[in-house]
Amino acid sequence: MKSKLWITALITSAVIATGCSANNTNSDSEEMDHSNMSEEEMKNMEGMDHSNMDMEGMDMENGHASHTNPLELNNSTGENELALPPLVEANDGVVDITAQQGKTEIFEGVQTDTYGYNGSFLGPVIRVSEGETVTFRTKNDLLEPTTFHWHGVDIPGEGDGGPHQLLQPGASEDVKFTVSQGAATLWFHPHPEGATAEQVYKGLAGLIYVEDENSKNLGLPDEYGVNDFPLVFQDRQFNEDKQFDYQAVRNEDGTIGDTMLVNGTLNPKLTVGKEKVRLRLLNGSNARNYTFKLNTGDSFQQIATDGGFLNEPTEMSEITLTPGERAEIIVDFSKYDASSDVALVNEADSILLPFKIDEQKTNSIEIPETLNDYVVTEKEKNLPVSKKLELFGMGEMVYINDKQFDINRIDFTQKQGETEIWEIYNKPDSMGGMTHPFHIHGTQFKIVSIDGKEPPVELQGWKDTVAIEPDQTVKLAVKFNNKGIYMFHCHVLEHEENGMMGQVEVQ
């Protein structure tokens with residue numbers, strides 16, 4: 001009987017595209033403890049034939065219960081010049097960051113209710129340098145609790161901004177730390193339990209640039225807004241009043257939209273010089289994956305992963321980023337002219353960002369052949385696996401090691417400064433399963449192997465989020481430089497909220 005009820009619940013969660021409130025989701029998670037299921041019930045669940053389900057309503061307006069058919073994105077018309085976030089640096093060691101609500105003219109003549117950092121929508125680019133001691137002075141001007149999570153930042157657990165560090169409306173908190181990592185493009189966003197997905201959807205996201213002596217001496221394009229551009233990609237859905245209505249479009253398997261915003265700009269274009277240009281890509285979406293490529297078929301060079309430079313520029317024709325992942329690429333626009341039709345598109349050839357070539361702007365930058373000295377050591381390759389994680393499920397029923405998140409439970413412990421091997425397996429369901437972007441807070445890790453093989457060149461760099469395909473096993477070398485409690489979770493934000501998250505305490 002218990003098994004039949006569980007299967008009924010699974011079907012219900014898959015069919016309903018307009019999900020429950022965050023509070024209801026948490027309550028459901030507590031009642032459905034996967035770890036208490038019998039072996040027979042597990043077999044029943046694993047052997048379910050999803051193809052015989054009544055699929056009516058599963059591919060609804062924002063749904064992707066089929067795992068493979070997300071909404072197609074609109075093509076950018078290129079009518080609006082891309083907005084650039086303000087670039088801010090510490091003033092006397094302090095950066096002020098306020099989460100606030102406001103109104104933003106995304107559509108001409110329409111004011112959309114939005115959230116933002118230091119403004120009505122999205123946030124600034126905060127630039128810091130390795131070795132710098134900085135205080136992020138955070139304030140919550142929202143009407144609801146939030147947190148400030150520094151995604152990819154090597155930071156003590158007490159300042160990481162996970163669900164433990166809830167900031168109530170009107171409250172402020174100083175987060176002081178010393179920047180102790182190399183050059184990278186990182187980001188920040190909220191992480192309150194049960195409200196992360198909606199707050200990000202409404203606009204809470206910003207970038208962090210870390211610079212170091214190496215990055216300053218490489219001679220890469222680094223003139224902000226001239227030949228070095230941040231690009232935050234987010235798909236959204238608007239109601240008939242051109243407003244966000246997250247609860248109406250929420251999908252328990254990951255909320256997606258049909259409208260592409262880049263840096264919050266609708267129908268953007270980017271004017272670039274007839275020169276080499278650096279693009280810092282962030283997949284800031286709740287759930288959608290992007291395979292970025294040029295509509296011309298030309299290749300580009302990847303120079304960095306989430307947490308730092310690759311050892312050398314890598315020639316490629318496309319790059320896939322799952323939610324939370326970043327990459328830096330160099331596009332050589334010198335081969336084009338003002339009449340060229342060139343754009344960044346996705347795997348479905350939807351036009352994400354057209355480029356306008358300004359032939360008056362040129363440079364002669366040469367990309368160096370050597371960028372970094374990253375290495376996975378033989379010792380790291382030969383370390384035994386000390387932590388095994390199994391990701392499984394869909395919708396509201398997502399699990400890590402047969403458990404859903406409990407803020408009062410510590411799932412793993414690890415010693416500060418010691419490298420351990422985490423082995424993560426994405427267990428498929430009978431529909432094939434979903435790609436899970438796996439993120440660990442408070443550190444950058446190394447990918448040791450994927451299904452026993454060396455990772456491809458484009459993943460041979462520091463990472464904090466890794467895409468794990470169904471039936472794939474990934475080994476990570478993980479070291480925490482600071483103490484505290486850190487989250488690890490799927491970065492499909494609705495999966496995170498539905499329980500695909502755990503905690504490691506670094507002692």
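Side chain to side chain, D332 and S334 meet the donor-acceptor criterion of an N or O pair below 3.5 Å. A donor atom on one side chain and an acceptor atom on the other are found under 3.5 Å apart for Y425 and D471. S285 and Y290 are linked by a side-chain donor-acceptor pair at a separation below 3.5 angstrom, with hydrogens and angles left out of the test. In this structure, a donor-acceptor pair under 3.5 Å is present between the side chains of E252 and N498. Residues T419 and E380 have side chains that never bring a donor and an acceptor to within less than 3.5 angstrom of each other. Between the side chains of T178 and T133, at least one donor N or O lies within less than 3.5 Å of an accepting N or O. For the residue pair T314/E458, the side-chain donor-acceptor check at 3.5 Å is not satisfied. Y209 and D222 are not linked by any side-chain donor-acceptor pair at a separation below 3.5 angstrom, with hydrogens and angles left out of the test. Side-chain contact, H191 with H164: no donor N or O sits under 3.5 Å from an acceptor N or O. In this structure, a donor-acceptor pair under 3.5 Å is absent between the side chains of H151 and H441. Counted by atom type alone, E494 and N286 present one or more donor-acceptor pairs between their side chains at under 3.5 Å.
The shortest heavy-atom contact between N118 and D96 is ND2-O, 2.9 Å. Closest approach of E497 to T196, counting heavy atoms only: OE2-N, 2.7 Å. The minimum heavy-atom distance between S76 and P268, with the atom names listed, is OG-O, 2.7 Å. Summarising the geometry of T147 relative to G162, their closest heavy-atom pair is CG2-O, 3.5 Å, with the distance given to 0.1 Å. For Y201 against Q237, the heavy-atom pair with the smallest separation is OH-N, 2.8 Å. Of all heavy-atom pairs spanning S215 and F309, the tightest one is CB-CE1, 3.8 Å.
Of the residues listed (Y224, Y117, F121), the one engaging P85 in a side chain to side chain contact (heavy atoms under 4.5 Å, CB included) is Y224, and it is the only one. The one candidate from L207, T138, I126 that meets the side chain to side chain contact (heavy atoms under 4.5 Å, CB included) condition with F188 is I126.
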Check the pair D464 / W462 against side chain to side chain contact (heavy atoms under 4.5 Å, CB included), numbers first and verdict last. CA-CA 7 Å; D464 53 58; W462 291 105; over 6 Å; no
Does N267 form a side chain to side chain contact (heavy atoms under 4.5 Å, CB included) with N80? I'd like the steps, not just the answer. CA-CA 6 Å; N267 291 321; N80 300 312; 4.1 Å; yes
Candidate pair L389 and F438, rule side chain to side chain contact (heavy atoms under 4.5 Å, CB included), full reasoning: CA-CA 11 Å; L389 294 82; F438 182 76; 3.8 Å; yes
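Annotation: side chain of F445 is in contact with side chain of V466 (closest heavy-atom distance under 4.5 Å). Using a 4.5 Å heavy-atom cutoff, the side chains of Q404 and M501 are not in contact.
Among residues two or more places apart in sequence or in another chain, the side chain to side chain donor-acceptor pair (under 3.5 Å) test is passed with E454 by none. Residues forming a side chain to side chain donor-acceptor pair (under 3.5 Å) with E469 (at least two apart in sequence, or on another chain): T435. With sequence neighbours excluded, no residue forms a side chain to side chain donor-acceptor pair (under 3.5 Å) with W150. Remark: E423 engages K388 in a salt bridge (charged side-chain N to carboxylate O under 4.0 Å, His left out) (not counting sequence neighbours). T185 pairs by the side chain to side chain donor-acceptor pair (under 3.5 Å) definition with R280, E328, not counting sequence neighbours.
Listed by first and then second residue, the salt bridge (charged side-chain N to carboxylate O under 4.0 Å, His left out) pairs that reach into residues 301-311 are D306-R326, D306-K463, sequence neighbours excluded.
Under the 3.5 Å distance criterion, the side-chain polar atoms of Q444 are left unmatched by any main-chain donor or acceptor of D154. A distance-only check finds no donor-acceptor pair linking the side chain of D253 to the backbone of M394 [under 3.5 Å]. D228 places no side-chain N or O within 3.5 Å of a backbone atom of E223 that could act as its donor or acceptor partner.
Atom NZ of K356 is surrounded by 12 or fewer heavy atoms from other residues, nucleotides or ligands within 6.0 Å.
Ring pair H439/H489 is perpendicular by interplanar angle, where above 60° counts as perpendicular and below 30° as parallel.
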